[in-house]
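Right, one structure below, let's go through it.
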Amino acid sequence: MSEPDIDTLTEDEAKAELARLARVIAHHDRLYNQEDAPEITDAEYDALRARNAAIEARFPALRRADSPSLRVGAPAAQGFAKRAHGAPMLSLANAFSAEEFSRFFDTARRFLGRDAPFSLVAEPKIDGLSLSLTYEAGALVAATTRGDGAVGEDVTDNARVIDAVPQSLRPPFPARIEIRGEIFMAKADFLALNDAETAAGRRGFANPRNAAAGSLRQLDPRVTAGRRLGLFAYALGDVSQPVADSHWQYLQRLRDWGFSVNPYSERLTDEAEAAAFQAGIAERRGGLAYDIDGVVYKIDDLALQRRLGFAGREPRWAIAWKFPAEQAMTVLRQIDVQVGRTGALTPVAILAPVNVGGVLVTRATLHNEDEIARLDLREGDTVRIERAGDVIPRVLGMIPDLRPPGTAPFHLPDHCPACGSAAMRPPNEVVRRCTGGLICPAQRQERLVHFVSRGAFDIDGLGERSLAELQACGLIKSPADIFRLHAHEADIAAREGWGTVSARNLVHGIEARRTLPLARFIYALGIRRVGANTAKLLARHYRTIDAWRAAMREATIIGSDARLALGNILGIGPAIATELADFFIEPRNIALLDDLLREVRVSPDDFVASASRLAGKTLVFTGTLTHMTRPEAKARAEALGARVTESVTGKTDFVVVGADAGSKARRAAELGVAILSEEAWLDLARNEA
DNA sequence: ACTCCTCGAGTTCT
DNA sequence: CTCGAGGAGT
């Protein structure tokens, strides 16, 4: 490539060059991501992006709204239907050391109020992708990827052509059953596939896991059929009738039905055996035919599993003891500055591409300027990085001996690189923010991305990239414009990379979301400190958009009744109240809101509170409980929608009094708070469950 | 005033 | 997933 030297570019030339690069990079992204047919090598592609970044570094003001540096990759290919899982597919707590491992089971013991160690089942953790298979009357009827745990993608057609997936179960079997397993590609098959792919002039996959994922997520099942994939089954989801008392028996059932279960799985009589097992597997790791990234240990007794239940999305009865994260050294070429939705300036390390655990890492967040100072990082340094917790790369530190001469400490700019407004760092805060608000193109883009994101309007077919494009060409200036795009369907269809079908899909995706519940609407506005949860609190309290708006407008007056009422909502304190008031005091925001409400309908949230009489109640446990431990009771109550606190106050609805209760029971009596015996509580919990 | 916990924000790569 | 800040409770 014989392009002009960046240092000699005039501003106009730079502008033209950025436009060209945006176009070219978008073109290659599309080839790579959607058509699986790259025309250039990774290195050439990286060079294009690096050139774009370098020009932007010299002319920050010229950065385009659709700049490639503002995004990574393309929106996921459409084409698979969504399907909900019968029982959610959960994630697992991780341990990286023997201490973390035993602490986990100590916590479980405390939860159950038990002294004895647990029998465990240990299974190598395959580095593939999880798949849920549904069988009815013994026949495979659905295969679903994990997705977000609640809803995944329907890949049934592909599962039907994978030899390792049983198409029917050997009897006897329950009427309906969900089986979870890990799809993977053996290392040798991965290498052979990549040889074939490169021989055919294609790019190949970065690692076996991506190869397995790519093979499973083919739109054409014939391609999947040509790939060699394995499956190890490891768990059950929703089942029409109980099939075992222990996890170890589960595994046996799975084998009986015709599944492969990992042959290195073992039953351990107590936790003390885990360390030796872990060491044994670590030693075997290199010799295994497939990649593993640790070992999963599950409490064998299903009755105990049920009692332990879940904390958030993680079971309290299983943990993944991971092998140490892989580390690598590379050069920190440059520190870029990104501008987020709230104006936060985030420094990002641009790294010489390096392979860490099978993934080519090119960037890593540096969080904030304090972090950079703490690690004493400078552009040009050689740094040690790791992929922590599997995914997100982290810069661990730099190697002083390898620092080249002539480097300088890094400081965040005091003006926004996207819009030039002042960037301030409030005292006692870590983050420096652009003060440009809606005049900042970077903030506008990120707000729109948030607006259409999953928890908000959730508009299908409108991703980061198309937003940037439609913004750059002037079709979208504010959120409400999205709902006026239908008038421009023909213009959009005529754009490069679109077409009548995708334009129509986009318009349909938008129309499908013209009505949405209040909580989502509030969340979509992207008010600082108001996330999905706080939005739900507000929606539950105010019920309708009109009531909320009226209250918020009044709450802009400090000391008003509405402001006090706002601060009295449990979970909303002064900071959030101020943030809401600040939003509603700004005429621009009111205009934006009015404009938006001309286009969309907001439905009241139906919190026809879960049937449970405990929903929304606050309760306190005191004294010694005999049937459950305190944490177990707490978890149980929370599962029924209640809040559990420690002290009895005017806000407390019930106090559950165990044996030898003391001052709290007395205080409850004084305050006239309802008192329940442990038996009454157990009845209540049982009946509401 | 201090501690524990929850929530929000930002981020990687496929 | 991780970090920092806010909120609730002691």
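Throughout, protein chains are lettered first and strands after them, A, B, ... in sequence-line order, and every chain is numbered starting at 1.
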Report summary line: Regarding the side chain of Arg394(A), the nearest nucleotide among dG8(B), dC3(C), dG7(C) is dC3(C)
Report summary line: In whole angstroms, the gap separating P of dC7(B) from CD1 of Ile576(A) amounts to 10 Å
Query raised in the report: Between dT14(B) atom P and Leu216(A) atom CG, what is the distance in whole Å?
Result: 18 Å
Report summary line: Rounded to the nearest 0.5 angstrom, the CD1-CG distance for Ile558(A) and Leu564(A) is 11.0 Å
Report task. Give Ala575(A) one of three labels, base, sugar-phosphate or nothing, depending on what nucleic acid heavy atoms sit under 4.0 Å from its own. Result -> sugar-phosphate
Report task. Classify the nucleic acid contact of Glu429(A) as base, sugar-phosphate or nothing, counting any heavy atom under 4.0 Å across all strands shown. Result -> sugar-phosphate
Query raised in the report: Looking at Glu371(A) and Arg374(A), does any basic side-chain N land under 4.0 Å from a carboxylate oxygen?
Result: yes
Query raised in the report: Looking at dC13(B), dC7(B), dT14(B), which one has an atom nearest to any side-chain atom of Thr362(A)?
Result: dC13(B)
**Report entry** Donor + acceptor pair across side chains of Asp336(A), Gln338(A) (<3.5 Å)
**Finding:** no
Query raised in the report: Could you state the interatomic distance from CG (Asp582(A)) to OG1 (Thr556(A)), rounded to the nearest 0.5 Å?
Result: 10.0 Å
Query raised in the report: Of Asp127(A), Asp291(A), Asp293(A), which is the lone residue that meets salt bridge (Lys or Arg N to Asp or Glu O under 4.0 Å) with Arg209(A)?
Result: Asp127(A)
Query raised in the report: Can you list the steps and then say if Thr342(A) with Arg433(A) is a side chain to side chain donor-acceptor pair (under 3.5 Å)?
Result: CA-CA 8 Å; Thr342(A) 61; Arg433(A) 287 176 200 280; 2.6 Å; yes
Query - Approximate separation, where rounding is to 0.5 Å, of Arg528(A) CZ and Phe583(A) CZ - result: 14.0 Å
Query raised in the report: How many Å lie between NZ on Lys536(A) and P on dC7(B), as a whole number?
Result: 10 Å
Restricting both atoms to N or O, compile the protein contacts to nucleotides 9-11 of chain B shorter than 3.5 Å, with distance only.
| unit_1 | atom_1 | unit_2 | atom_2 | d |
| --- | --- | --- | --- | --- |
| dA9(B) | OP1 | Arg529(A) | N | 2.8 |
| dA9(B) | OP2 | Arg341(A) | NH2 | 2.8 |
| dG10(B) | OP1 | Thr342(A) | N | 3.4 |
| dG10(B) | OP1 | Thr342(A) | OG1 | 2.5 |
| dG10(B) | O3' | Thr346(A) | OG1 | 3.3 |
| dT11(B) | OP1 | Gln338(A) | OE1 | 2.9 |
| dT11(B) | OP1 | Thr346(A) | OG1 | 3.2 |

Requested in this report: Fill in the dot-bracket string of DNA chain B, one character per base: . for unpaired, | for a pair to another strand, ( ) or [ ] for pairs within the strand, taking Watson-Crick or G-U pairs under 3.5 Å.
Outcome: ||||||||||....
With the criterion being N/O to N/O and under 3.5 Å, what pairs connect the protein with nucleotides 2-4 of chain B, and how long is each?
none

Report task. Assign Val361(A) to base, sugar-phosphate, or nothing according to its heavy-atom contacts below 4.0 angstrom with the strands shown. Result -> sugar-phosphate
Query - Carboxylate-amine/guanidinium proximity below 4.0 Å for Asp370(A) and Arg425(A) - result: yes
Query raised in the report: Between atom CD1 in Ile569(A) and atom P in dG7(C), what is the gap in whole Å?
Result: 12 Å
Query raised in the report: Glu100(A) has an atom CD; how far is it from atom P of dC1(C), in whole Å?
Result: 13 Å
Query raised in the report: In a check of side chain to side chain contact (heavy atoms under 4.5 Å, CB included) between Val337(A) and each of Cys416(A), Cys434(A), Pro413(A), which one passes?
Result: Pro413(A)
Report task. Would you please indicate if the ring centroids of Trp548(A) and Phe584(A) are separated by under 6.0 Å? Result -> yes
**Report entry** Approximate separation, where rounding is to 0.5 Å, of Leu332(A) CG and Phe410(A) CZ
**Finding:** 9.5 Å
Report task. Report the distance from atom CG of Asp127(A) to atom C1' of dC13(B), rounded to the nearest whole Å. Result -> 14 Å
Report task. Specify the separation, in whole Å, of atom CG of Leu92(A) and atom C1' of dC1(C). Result -> 15 Å
Report task. Take Val155(A) and Leu131(A) through the side-chain contact (heavy atoms from CB on, under 4.5 Å) test and state the conclusion after the steps. Result -> CA-CA 9 Å; Val155(A) 291; Leu131(A) 187 66; 3.8 Å; yes
Query - Whole angstrom value for the distance that separates P of dG4(C) from CZ of Arg432(A) - result: 17 Å
Query raised in the report: Nearest to the side chain of Val430(A), which nucleotide is it out of dG8(B), dT14(B), dG4(C)?
Result: dG4(C)
Query raised in the report: Does Asn533(A) have a side-chain nitrogen or oxygen under 4.0 Å from the phosphate oxygens OP1 or OP2 of dC7(B)?
Result: yes
